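For reference, the structure is listed below as structure tokens.
A quick note: this is a predicted structure, and the numbers were derived from the prediction, not measured. First the proteins, then the strands, lettered A, B, ... as listed; each starts at 1.
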Amino acid sequence: MAEVQVYGVWCSAFVRRVEMGLKMKRVEYEYIEEDLKNKSDLLLKYNPIYKKVPVMLHNRNVLVESLIILEYIDEVWEGPPILPKDPYERARARFLAKFIDDKLPSMWKACWSAGEEREKLIVETREALKILENELKGKKFFGGDSIGLVDITANFIAGWFLGLHESVGLQIMTQENFPNLMKWAEEYSGNSFIKENMPDKEKLVAHYKILKTGAQS
Amino acid sequence: MAGSGVKVLGSWSSPYSNRVQITLNLKSIDYEFIEENFYMSNKSERLVEANPVHKKIPVLIHDEKAISESLVILQYIDEAWTSNGPTILPSDPYDRAIARFWASYIDDKWFPWLKELEKASGDEGAIVGNIFEGLMVLEEAFVKCSKGKDYFGGDNIGYIDVVLGSYLGWIKVIETGFGLNLLDETRIPGLTRWAQRFCSHDAAKDVVPQTDKLVQFFMMVQATKTNSSSG
């Protein structure tokens with residue numbers, strides 16, 4: 001059995017965060033695809049409280065929750081740091097990572113809802129994006145010159161959120177209103193190392209088109 | 001240099017603020033405590049400047065830098081003051097992950113059930129069921145983490161202790177208000193005794209608010225909400 005195993009689903013941004021952390025540290029791992037409509041006994045055994053992916057196994061250690069796993073990866077393995085060294089910078093990174101995670105559900109819902117609810121969610125999403133936009137001023141990545149915790153946590157924005165923009169025809173985040181974020185997304189997705197860790201865009205867009213039709217029927 | 005330029009913007013009634021105070025006390029760090037009326041809609045300029053994103057307490061100000069979000073602050077305290085006694089997070093990475101997991105469970109899954117009760121939506125039975133179920137889960141976690149010692153953190157108060165312990169004041173208010181016996185020694189002996197130990201610990205005893213004071217506070221806030229929404 002491999003030393004490290006990751007249970008996930010191909011389209012989950014949370015799972016990809018964990019894989020990103022492992023890849024940054026050049027840690028080999030075995031990936032196991034789960035079917036969320038038919039969860040495996042092992043998944044339910046390893047994550048009985050939330051029954052979700054990602055789950056990471058390292059030797060006999062069972063870890064859940066992507067941000068917790070990323071901190072673990074940073075503490076266990078040598079290599080490029082995921083979190084900065086300075087305590088205040090670490091606090092800032094954790095604060096922003098939590099902020100992104102807290103806003104994700106409304107960002108996601110904003111893509112799927114309609115009418116007044118949608119307008120409200122779009123306003124909320126843009127307010128959140130504005131904070132991230134300001135954070136990027138003068139920086140290539142949230143982590144500075146290289147990617148860090150916040151960049152990895154924001155992977156949803158670069159891949160999934162913008163992917164949905166394309167498939168659903170959204171205008172929530174544009175070059176005009178969020179130039180720093182759009183540039184960051186391009187850098188993040190364009191980096192070949194990161195590219196390997198994003199799901200195939202066409203496959204993702206097709207997947208969402210099906211989901212959207214399903215959601216509307 | 002403990003204590004130079006350390007301020008906490010918080011409130012005596014807020015568990016999130018309490019946990020920051022308890023942690024600073026554990027590390028014998030002197031600080032100035034500034035009470036904020038966080039439940040009013042017009043926040044102080046000082047708070048808005050310190051926490052422009054959320055405009056919420058607690059905020060820790062250290063060497064003129066502001067740190068928000070209680071769990072972020074707790075970890076910051078651990079990392080910024082390295083010669084002030086044991087860390088509240090364990091030293092082993094896996095134990096740290098476990099501690100973070102339980103803190104997140106307590107804050108994001110379990111405590112919200114107690115807040116649901118306050119809303120009095122008519123679904124009390126199911127909510128109380130969830131609360132008790134959660135307590136059983138936490139009892140099991142306590143047994144595993146404490147390994148027979150006094151606290152989740154072992155011999156000393158640790159991260160999970162502070163996170164759960166900071167809610168004890170409000171847990172007692174819920175018990176009083178709803179006639180529930182949440183900290184029931186027959187059902188959750190480990191946690192019940194832990195709660196008594198925690199509340200009498202030097203670092204926590206003057207911070208965890210008295211039940212009657214909290215009840216009064218709760219009624220006052222409810223009255224404020226009613227007054228501001230009528231007419």
Side-chain angles (χ1 to χ4, degrees), chain A residues 4 18 21 25 46-52 54-78 82-103 105 127-135 149-150, chain B residues 5-6 16 20 50-56 58-82 84 87 89-110 130 133-134 136-138 140-141 144 159:
Chain A
V4 180
V18 170
K25 305 282 196 181
Y46 293 135
N47 194 357
I49 290 179
Y50 299 111
K51 306 179 178 56
K52 283 182 178 177
V55 172
M56 184 175 104
L57 269 61
H58 175 217
N59 295 325
R60 297 173 70 179
N61 295 338
V62 180
L63 297 117
V64 304
E65 299 293 291
S66 61
L67 296 186
I68 292 176
I69 299 174
L70 282 170
E71 294 238 25
Y72 176 85
I73 291 170
D74 209 28
E75 290 167 13
V76 169
W77 284 285
E78 299 282 316
I82 296 173
L83 276 119
K85 288 263 176 295
D86 173 72
Y88 176 70
E89 296 303 323
R90 290 166 76 83
R92 189 91 194 127
R94 287 175 177 137
F95 174 86
L96 287 167
K98 180 173 199 295
F99 176 76
I100 292 167
D101 251 9
D102 288 347
K103 296 297 172 187
E127 276 168 12
L129 291 174
K130 208 154 86 184
I131 286 164
L132 298 176
E133 176 78 6
N134 289 339
E135 194 60 34
L149 182 74
V150 182
Chain B
V6 182
Y16 308 105
V20 173
N51 189 357
V53 175
H54 298 302
K55 305 173 182 56
K56 283 185 177 177
V59 182
L60 178 81
I61 301 176
H62 178 217
D63 289 341
E64 289 165 36
K65 289 190 268 216
I67 300 113
S68 317
E69 292 294 305
S70 64
L71 296 184
V72 175
I73 297 173
L74 259 49
Q75 294 179 81
Y76 174 81
I77 293 170
D78 239 11
E79 291 169 2
W81 281 275
T82 50
N84 283 61
T87 52
L89 269 164
S91 45
D92 172 75
Y94 185 55
D95 291 337
R96 292 160 73 83
I98 302 278
R100 288 179 174 128
F101 172 84
W102 288 115
S104 156
Y105 172 82
I106 290 162
D107 270 5
D108 300 334
K109 196 153 167 92
W110 185 72
N130 284 322
E133 209 179 290
M136 301 300 289
V137 168
L138 289 170
E140 207 184 305
K144 272 207 188 111
Y159 192 67

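For B:Phe101 and A:Tyr72, the ring centers sit 6.0 Å or farther from each other.
Both the backbone and the side chain of A:Arg94 come within less than 4.5 Å of a heavy atom in chain B. For chain A, no part of B:Ala99 is nearby; none of its heavy atoms comes within less than 4.5 Å.
Below 30°, between 30° and 60°, or above 60°: for B:His54 and A:Phe99 the angle between ring planes is between 30° and 60°, a tilted geometry.
Here the closest heavy-atom approach between residue B:Val72 and residue A:Ala91 is recorded as CG1-O, 3.3 Å.
Contacts with chain B were tallied for A:Asp86, A:Asp74, A:Asn61; A:Asn61 has the most, counting heavy-atom pairs under 4.5 Å.
Between B:Ile67 atom CD1 and A:Phe95 atom CZ the span is 11.0 Å, to the nearest 0.5 Å.
With respect to the salt-bridge test (charged N to carboxylate O, under 4.0 angstrom), the residues A:Glu75 and B:Arg100 qualify. Checked for salt-bridge contact, A:Lys98 and B:Glu69 meet the test: a charged N lies under 4.0 Å from a carboxylate O.
Proximity of a side-chain donor or acceptor of B:Tyr94 to a complementary backbone N or O of A:Val62 within less than 3.5 Å is detected.
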Verify salt bridge (charged side-chain N to carboxylate O under 4.0 Å, His left out) between B:Glu79 and A:Arg90, making sure each step is shown before the conclusion.
CA-CA 9 Å; B:Glu79 291 169 2; A:Arg90 290 166 76 83; 2.8 Å; yes
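A 6.0 Å sphere centred on CD of B:Glu140 holds no more than 12 heavy atoms belonging to other residues, nucleotides or ligands.
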